Amino acid sequence: SAKQIFAPKPEYPPLAKMARIQGVVRLEAIISRDGTIQDLRVISGHPLLVKSALEAVQRWRYQPTLLNGEPVEVVTEVDVNFTLAE
């Protein structure tokens with residue numbers, strides 16, 4: 001599996017925080033040959049959490065995945081967890 005080298009946490013949307021909304025946003029992404037995120041799309045998640053998850057994951061970076069020594073694109077699913085501190 002792809003190795004993350006940079007993965008900033010998403011900002012908790014203030015409206016979702018006020019409404020006490022928690023949960024997982026599941027995204028599908030292509031990790032390009034250079035380790036950047038391409039073609040990010042939403043599979044599931046609460047509408048109030050999706051935008052923040054997309055913005056965070058778009059900035060994530062991975063170590064390029066090698067196949068026979070050559071970098072290749074990889075399709076992956078990413079779960080972004082939103083949990084309120086008690």
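Every value quoted in this text rests on a predicted model; they were computed, and no experiment measured them.
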L54 and V42: CA distance, side-chain angles, deciding distance, side chain to side chain contact (heavy atoms under 4.5 Å, CB included) verdict: CA-CA 8 Å; L54 288 170; V42 179; 4.0 Å; yes
Criterion side chain to side chain contact (heavy atoms under 4.5 Å, CB included) on L15 and M18, from CA distance to verdict: CA-CA 5 Å; L15 197 59; M18 280 178 11; 4.1 Å; yes
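Take Q58 and apply the side-chain hydrogen bond (donor to acceptor under 3.5 Å, both in side chains) test, not counting sequence neighbours, and it matches no residue. When the side-chain hydrogen bond (donor to acceptor under 3.5 Å, both in side chains) test is applied to R26, the partners found at least two apart in sequence or on another chain are D79. Every residue meeting the side-chain contact (heavy atoms from CB on, under 4.5 Å) condition with P64, not counting sequence neighbours, appears here in chain and number order: P71.
The stretch residues 8-40 participates, sequence neighbours left out, in these ring-ring contact (aromatic ring centres under 6.0 Å, His included) pairs: Y12-F82. Identified under the ring-ring contact (aromatic ring centres under 6.0 Å, His included) test for residues 17-65, with sequence neighbours left out: none.
F6 and V80 sit in two unconnected hydrophobic clusters of ILVMFWY residues. Membership requires side-chain heavy atoms under 4.5 Å apart, directly or through other members.
Heavy-atom minimum distance, L49 versus G23: CD1-N, 4.1 Å. Across every non-hydrogen atom of A29 and I37, the tightest pair is CB-CG2, 3.9 Å. Between V57 and V78, the shortest heavy-atom contact is CG2-CG1, 4.2 Å.
Taking CD of Q4 as the start and CD1 of I31 as the end, the distance is 8.0 Å to the nearest 0.5 Å. Distance CD/E73 to OG1/T36: 9.0 Å, rounded to 0.5 Å.
In the model, T83 has no side-chain atom that pairs as donor or acceptor with a side-chain atom of N81 under 3.5 Å.
Around CD of E28, the count of heavy atoms belonging to other residues, nucleotides or ligands within 6.0 Å exceeds 12.
Put simply, the side chain of L27 does not reach to within 4.5 Å of the side chain of R41, judged on heavy atoms.
For the pair Q38 (side chain) and S32 (backbone), a donor-acceptor distance under 3.5 Å is absent.
Comment: E55 does not engage R59 in a salt bridge, judged by the lack of any side-chain N to carboxylate O separation of less than 4.0 angstrom.
Applying the 4.5 Å side-chain rule to ILVMFWY residues, one finds V75 in the same cluster as I30.
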